[in-house]
Amino acid sequence: MGVMVVGTTGDPAAVRPTLERAYPWGVCIVRARYSAADLQRAYDALANLPPQTASAAIDPSKDRVSVKMITLTQPLADLLRDYPEAIPEPLVIRR
C-alpha cells in the first residue's frame with residue numbers, strides 16, 4: 001500500500017504519533033485549512049441547490065466542497081462568497 005495522506009487543522013506533529021500507530025504504512029500529515037465540520041457546514045448549505053443550477057460534493061483531497069455547474073451565474077457566485085470552503089467548478093467559462 002502507498003502513503004496515506006491525512007489532513008489536520010491542528011499541529012501535524014501533535015497527531016503524528018497517534019496516526020502512525022493507527023496506520024502501519026507510511027503517513028504524510030498535512031495542515032488542512034478547513035475541518036471536516038467546516039466542509040460539512042458548507043456542503044449542507046449548498047447540497048440542496050436545484051439540480052439544474054449546481055451540485056455539491058465534499059472533496060477531501062482538495063480540502064474543499066466542489067460545486068459543479070454549467071456556468072457560474074452571478075446569483076450563484078454571490079451565494080458561494082458566503083462559503084470560502086466551496087470552490088466553483090464551471091463546465092463552461094464565458095470570456
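Leu46 and Ile87 fall into different hydrophobic clusters, defined by Ile, Leu, Val, Met, Phe, Trp and Tyr side-chain heavy atoms under 4.5 Å apart, directly or through other members. Put simply, Trp25 and Val15 are part of the same group of oily side chains (I, L, V, M, F, W, Y) that touch within less than 4.5 Å, one to the next. Residues Ile70 and Leu76 fall into different hydrophobic clusters, defined by Ile, Leu, Val, Met, Phe, Trp and Tyr side chains chained together at heavy-atom separations under 4.5 Å. Leu39 and Val6 are members of different hydrophobic clusters when ILVMFWY side chains are connected at heavy-atom separations under 4.5 Å.
Residues Leu19 and Pro17 are not in side-chain contact: their nearest non-hydrogen atoms beyond the backbone lie 4.5 Å or more apart.
A salt bridge links Glu89 with Lys62: at least one charged nitrogen is closer than 4.0 Å to a carboxylate oxygen. Using a 4.0 Å cut-off between charged nitrogen and carboxylate oxygen, Glu85 and Arg41 count as a salt-bridge pair.
Heavy-atom contacts from other residues, nucleotides or ligands closer than 6.0 Å to CG of Asp11 number more than 12.
Listed by chain and residue number, nothing satisfies the salt bridge (charged side-chain N to carboxylate O under 4.0 Å, His left out) test with Arg31 (two or more places apart in sequence, or in another chain).
Between the side chain of Tyr34 and the main chain of Pro84, a donor-acceptor pair closer than 3.5 Å is present. With hydrogens and angles disregarded, a donor-acceptor distance shorter than 3.5 Å links the side chain of Asp63 to the backbone of Arg33.
Listed here is the closest heavy atom pair of Leu72 and Ala77: CD1-N, 3.9 Å. Looking at every heavy atom in both residues, Tyr83 comes nearest to Ala45 through OH-CB, 3.2 Å. Contact record, Pro60 with Ile58: CD-O, 3.5 Å, taken as the closest heavy-atom pair. The two residues Thr71 and Met69 make their nearest non-hydrogen contact at O-CG, 3.2 Å.
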Could you go step by step and tell me if Leu80 and Val67 meet the side-chain contact (heavy atoms from CB on, under 4.5 Å) rule? CA-CA 9 Å; Leu80 293 178; Val67 183; 4.1 Å; yes
